[in-house]
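Each chain gets a letter, A, B and so on, in the order its sequence line appears, and its residues count up from 1.
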Protein chains: 2
Amino acid sequence: MSITANTPQVLRRTNLKAVLDVMRGGGTCTGSDLMERTGLTRATVIAVCDDLVRRGWVRELVAERNGAAQKGRPARRFAFNEEAGCVLGLDLGVATVTAQVADLNGNVLGRAAQRIPGKALEATAAVRLETITSTVDRALQEAGLPTTAVLAVGIGVATVVDRHGNIAGGHQLSAMFDLGLQTEVWRDRAWPVLLENDANLAALAERWRGIAQGTDDLAVMLTGERLGAGLIESGRLLHGRNGGAGEVGTLQLVAGVGSRDGIARLARQWGTQALAEGRQTLIRELVGPETNRVSARFVFEAAAREDAVALEILDRIARRMARVIAVLGTFLDPELVVIAGAVAKSAVALLPTINQELPALTDTPPRVEVSQLGDGIVATGAVRLALDYVEENMVSLTPLGQPAVT
Amino acid sequence: MSITANTPQVLRRTNLKAVLDVMRGGGTCTGSDLMERTGLTRATVIAVCDDLVRRGWVRELVAERNGAAQKGRPARRFAFNEEAGCVLGLDLGVATVTAQVADLNGNVLGRAAQRIPGKALEATAAVRLETITSTVDRALQEAGLPTTAVLAVGIGVATVVDRHGNIAGGHQLSAMFDLGLQTEVWRDRAWPVLLENDANLAALAERWRGIAQGTDDLAVMLTGERLGAGLIESGRLLHGRNGGAGEVGTLQLVAGVGSRDGIARLARQWGTQALAEGRQTLIRELVGPETNRVSARFVFEAAAREDAVALEILDRIARRMARVIAVLGTFLDPELVVIAGAVAKSAVALLPTINQELPALTDTPPRVEVSQLGDGIVATGAVRLALDYVEENMVSLTPLGQPAVT
DNA sequence: TCCTTTTATTTAGTGTCTAAATTTATGTTC
DNA sequence: GAACATAAATTTAGACACTAAATAAAAGGA
């Protein structure tokens, strides 16, 4: 069991990959472009391209005289064939299933979302699986693609997943998501299924399409009902021994530092408490006189209107977040911490307090930003995860509508 | 700028490396052994071995009839040539310089240690460099090796170092160690110099020769006057954006959680305090009546003799360590946390309390152990760092006493 | 039409591997 | 000791993948 390369064909595979890496991400390439970017000779580059076209990953464009007068023999133009297949990104929440279908450049071709019917927490595995499959099928239908087009499926779940994609038992919600997605379900569809923690996928998403582009060291706090962090160091996700890395929610440190609860739950909790104490606040108006069912939204709205009680709640939340971020910053030294999740939009209000608190808590406060990616963040990360898999294994996968090629 | 492989020679280089990886770590190999371990054919394996012998990294042993009667043509026997060069591991402390010389299997051939003359904190760069060089030369002399035998130098420093081996400015002690070791000093000796944080090297050492062998996810708390952690996830050191990962000392969280100070300093501090308060304790006897200069050793010794005040101090230290370990465990999910450093031996006394405290602080308490490596831990890690470099670059380096080979 | 430019393609040569045949150096058996 | 068995090394032939250099193709411009 060691790093072995044997046949000369390994060389070709390496070069196939090198050329694909250059081509991917759009734009057309000429042989000369590829020579420059890969360092290979023209003969090799063309041979590799022909190989890729034959395999279906690349298409050759008809030589179009493109504007500017060009001397010399026209170059053959190649482009990555983003339609050689698609990937699926799933966000399995406690109550909702979200699916995205994307082509191999990551362009979203279809979306679907469904609630788990009935009481989500009590749903059986069968009901859950049924919902997942039908959501996937709807998204594929919208994209106009058959199940055979799917090259990989990335799935985000709200529990601990180790680095091999196995759900770690004994954790909160672990039973709920341990549905045999990798092996049993979709066995007939033969999809490679990649499970990952939702906060980790949020981190992939921020680095791919969010505010963390170009950042190799970051933490994304995915907050809502729960609180979890996705950690990327040197461009790689951190999992820890059992996938528990970033599970800041399980930290029960001295009062106030630990926080099993996300921003939304804290806002609701403390808002409800304020009402129960009969305090004078706009939250009462927003909730209505009849009930005490505070939602996070009401607290943030009241705060936006300068309500003192709501502002105090936000202040408490921000201080708690600052503490968690300070610890993250000290232990991992990320370049950037992103606050993401259901309440990200409202979280902008927390930034001033957080940034004000941080210097007192750590010598090297990280930059803190709020995510702009919105609801689809986990599904987007799941798409990225699936794309990573496909890109890594392209040479051994068979693209859509192509016979197997050796 | 992309992953490129071109000539068929790349294949050979990969296979050279594969064969070396099998051979390294002692023992002799026959062609058949290598065939099995690398998956290459006999013809290739022999060709690669001949190549390695020619380059000087491998030596062929005289065919010795080894005990058991062997049918067939005797196999040629090859062994990694651990004397093809050596590496240097340095531990630059605030007041002391420690050097180890090791062969390419990591066997220590020479050691030396020297104190920085005069007041260490006030020593000039010139004095410091002089001490370093003379310590190195002594160690080489003991090993009986010329400076030309050195293939790489690993250096541990007690400050923040980023993943490229650059000392991050603006940190505690950063100026003290930023001596131009990589470029200016030893320019004439042309050694590759690899700088790394001391706690990180302690982590490498524990994984190589210590209690963490076979562990891919671990944290090593290097504690003494300072407190720093070396973090390994999935077998790789974590640095963070600026190398600050693991600098738990800079954490100024709510009372008691932060800890700029290591175990030794806390023991001294709290011991001194107890004396100042005039409490009845064995520490007084150990220190002597004349003075109040408590050292950590006295506190631990008093505790070993069941002194109530000393035991209370140990309890406080253990609780503080438990908090830091709990945070580490929660954020990074290591398999193992090792307590190392000057006070490691005494730290055994802390284990019961730490293990008792942990479950209340985190849902997933890591295993906690005490290092057995002793004083040389950082230098050992530095040797490992240098070996890693040499092993990675073996194909492009020139071993001792060999002409350059292409 | 001829020249220049840029690119593609072909050809010859080299390095590396595998697979199969051959040789070598031993032990075993009669 | 000759014949046989065995395990390993070595040689040979063939397959690939690459480079480098020569050749061919497809344009624009004088």
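- Nearest nucleotide to the side chain of A:L11, out of C:dT18, D:dA17, D:dA20: D:dA17.
- From one end of the helix from C:dT1-D:dA30 to C:dC30-D:dG1 to the other, with five pairs defining each end axis, the axis direction shifts by 30° (rounded to 10°).
- Remark: B:E83 engages no residue in a salt bridge (charged side-chain N to carboxylate O under 4.0 Å, His left out) (not counting sequence neighbours).
- Here B:N105 pairs with B:R24, B:F80, B:E82, B:D103, B:N107 under the side-chain contact (heavy atoms from CB on, under 4.5 Å) rule; sequence neighbours left out.
- In this view, A:R12 and A:D51 satisfy the salt bridge (charged side-chain N to carboxylate O under 4.0 Å, His left out) rule, not counting sequence neighbours.
- Side chain of A:D162 to backbone of A:N166: a donor-acceptor contact under 3.5 angstrom is found.
- Annotation: side chain to side chain donor-acceptor pair (under 3.5 Å) contacts of A:D216 (sequence neighbours excluded): A:R207.
- Residue B:R12 places at least one side-chain N or O closer than 4.0 Å to OP1 or OP2 of C:dC17.
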Got a list of protein N/O to nucleotides 6-8 of chain D N/O distances below 3.5 Å?
from  : atom 1 : to    : atom 2 : distance (Å)
D:dT6 : O2     : B:G72 : N      : 3.2
D:dA7 : N3     : B:R73 : N      : 2.8
D:dA8 : OP2    : B:S32 : OG     : 3.3
D:dA8 : O5'    : B:S32 : OG     : 3.3
D:dA8 : O4'    : B:R73 : O      : 3.4

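- Contact check, A:T44 against D:dT19: a side-chain N or O comes under 4.0 Å of OP1 or OP2.
- Rounded to whole Å, atom C1' of D:dC16 lies 12 Å from atom CG of A:N15.
- Partners of B:W208 under the ring pair (Phe, Tyr, Trp, His ring centres under 6.0 Å) rule, at least two apart in sequence or in another chain, do not exist in this structure.
- Put simply, the side chain of B:D33 gets close to the backbone of B:T30: a donor and an acceptor are under 3.5 Å apart.
- B:N81 places no side-chain N or O within 3.5 Å of a backbone atom of B:R59 that could act as its donor or acceptor partner.
- Taking atom CE of A:M35 as the reference point, atom C1' of C:dT7 lies 10 Å away to the nearest angstrom.
- Under the side-chain contact (heavy atoms from CB on, under 4.5 Å) criterion, B:A149 pairs with B:C86, B:L145, B:P146, B:L400, not counting sequence neighbours.
- Look at B:T41 and you'll find a side-chain N or O under 4.0 angstrom from OP1 or OP2 of C:dT18.
- Judged as a salt bridge (charged side-chain N to carboxylate O under 4.0 Å, His left out), and not counting sequence neighbours, B:E196 has no contacts.
- One interatomic measurement links the two molecules: CG of A:L34 to C1' of C:dT7, which rounds to 13 Å at whole-angstrom precision.
- Rounded to whole Å, atom C1' of C:dC17 lies 14 Å from atom CG of B:D51.
- When the salt bridge (charged side-chain N to carboxylate O under 4.0 Å, His left out) test is applied to A:R384, the partners found at least two apart in sequence or on another chain are A:D388, A:E391.
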What N/O pairs connect the protein and nucleotides 10-14 of chain C at under 3.5 Å? Give each pair on its own line.
none

Close N/O contacts between protein and nucleotides 1-4 of chain D (under 3.5 Å):
none

